[in-house]
Amino acid sequence: IKVLGDEECDLREHACQTLGMIGENAATNEVLIGLVNALRDEDSTVRQEACQALGMMGEKAATNEVLIALMNALRDEEATVRQEVCLTLG
């Protein structure tokens with residue numbers, strides 16, 4: 001989870017991917033907060049991977065805080081992030 005705040009965007013991206021692969025079992029409050037913060041990352045690929053990870057966690061990730069963060073991400077400057085948010089929200 002600490003890797004989500006690493007200086008290297010590649011590490012942050014891979015952390016999101018790994019958490020997504022773990023799925024619902026990774027959907028702890030601490031992880032969800034980290035991924036919500038990653039939705040505001042400076043790197044668009046990290047933001048996109050955070051969206052995908054949240055989607056892969058299913059209903060366990062459908063907290064009010066996560067849903068609000070995803071709705072805010074619909075206004076992201078990058079179309080790929082907005083597209084991933086739409087896929088995540090279904």
Side-chain angles (χ1 to χ4, degrees):
I1 298 167
K2 291 181 181 181
V3 178
L4 290 173
D6 196 273
E7 291 181 13
E8 296 292 325
C9 64
D10 288 345
L11 292 177
R12 296 192 308 272
E13 177 184 338
H14 291 295
C16 291
Q17 290 171 346
T18 300
L19 291 168
M21 285 188 271
I22 296 170
E24 287 188 3
N25 291 330
T28 65
N29 285 336
E30 187 177 13
V31 167
L32 294 178
I33 290 169
L35 289 172
V36 164
N37 289 335
L39 290 173
R40 296 185 296 268
D41 195 275
E42 63 189 32
D43 185 88
S44 64
T45 305
V46 174
R47 297 193 305 271
Q48 184 177 347
E49 292 296 336
C51 288
Q52 188 171 23
L54 289 166
M56 294 172 76
M57 291 180 184
E59 288 185 29
K60 288 185 94 175
T63 66
N64 284 338
E65 183 177 52
V66 168
L67 293 174
I68 290 168
L70 287 170
M71 296 299 287
N72 288 334
L74 284 171
R75 290 178 263 165
D76 196 279
E77 61 191 35
E78 294 293 329
T80 55
V81 175
R82 295 190 307 269
Q83 180 180 10
E84 194 61 50
V85 172
C86 290
L87 293 171
T88 298
L89 292 172

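Heads up: numbering here begins at 1 and tracks the sequence.
With sequence neighbours left out, Gln52 forms a side-chain contact (heavy atoms from CB on, under 4.5 Å) with Glu49, Met56, Glu84. Qualifying side-chain hydrogen bond (donor to acceptor under 3.5 Å, both in side chains) partners for Asn37, counting only residues two or more places apart in sequence or in other chains: Arg40. With sequence neighbours excluded, the residues that form a side-chain contact (heavy atoms from CB on, under 4.5 Å) with Ile68 are Asn72.
Atom CG of Asp41 and atom SG of Cys9 lie 8.0 Å apart (nearest 0.5 Å). The CD1 atom of Ile22 sits 10.0 Å away from the OG1 atom of Thr28 when rounded to the nearest 0.5 Å. How far CG of Asp76 is from CG of Leu39: 9.0 Å, rounded to the nearest 0.5 Å. Rounding to the nearest 0.5 Å gives a distance of 5.5 Å between OG1 of Thr45 and CD of Glu13. To the nearest 0.5 Å, the span separating OG1 on Thr80 from CD on Glu77 amounts to 10.0 Å. Taking NZ of Lys2 as the reference point, atom CG of Leu11 lies at 14.5 Å (rounded to 0.5 Å).
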**Study point:** Worked verdict on Leu32 versus Lys60 for side chain to side chain contact (heavy atoms under 4.5 Å, CB included)
**Key:** CA-CA 9 Å; Leu32 294 178; Lys60 288 185 94 175; over 6 Å; no
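In this structure, the side chains of Leu74 and Cys86 come closer than 4.5 Å at one or more pairs of heavy atoms. Two residues are said to be in side-chain contact when any heavy atoms from C-beta on lie closer than 4.5 Å; Val66 and Met57 fail this criterion. Proximity of Leu19 to Leu54: side-chain heavy atoms (C-beta onward) are nowhere separated by under 4.5 Å. By the 4.5 Å heavy-atom criterion applied to side chains, His14 and Glu8 are not counted as neighbours.
Judged by distance alone, the side chain of Arg12 and the main-chain N or O of Gly5 form no donor-acceptor pair under 3.5 Å.
When all heavy atoms of Val36 and Ala69 are compared, the closest pair comes out as CG1-CB, 3.7 Å. Of all the heavy atoms in Cys16 and Ala53, the pair that sits closest is O-CB, 3.3 Å. Across Leu4 and Ala15, no two heavy atoms sit closer than the pair CD2-CB, 3.8 Å. The minimum heavy-atom distance linking Cys51 with Leu70 is given by the pair SG-CD2, 4.1 Å. Of all heavy-atom pairs between Ala73 and Arg82, the closest is O-CG, 4.0 Å.
Grouping the Ile, Leu, Val, Met, Phe, Trp and Tyr side chains by contacts below 4.5 angstrom, directly or via other members, places Leu87 apart from Met71.
Around CD of Glu24, the count of heavy atoms belonging to other residues, nucleotides or ligands within 6.0 Å exceeds 12.
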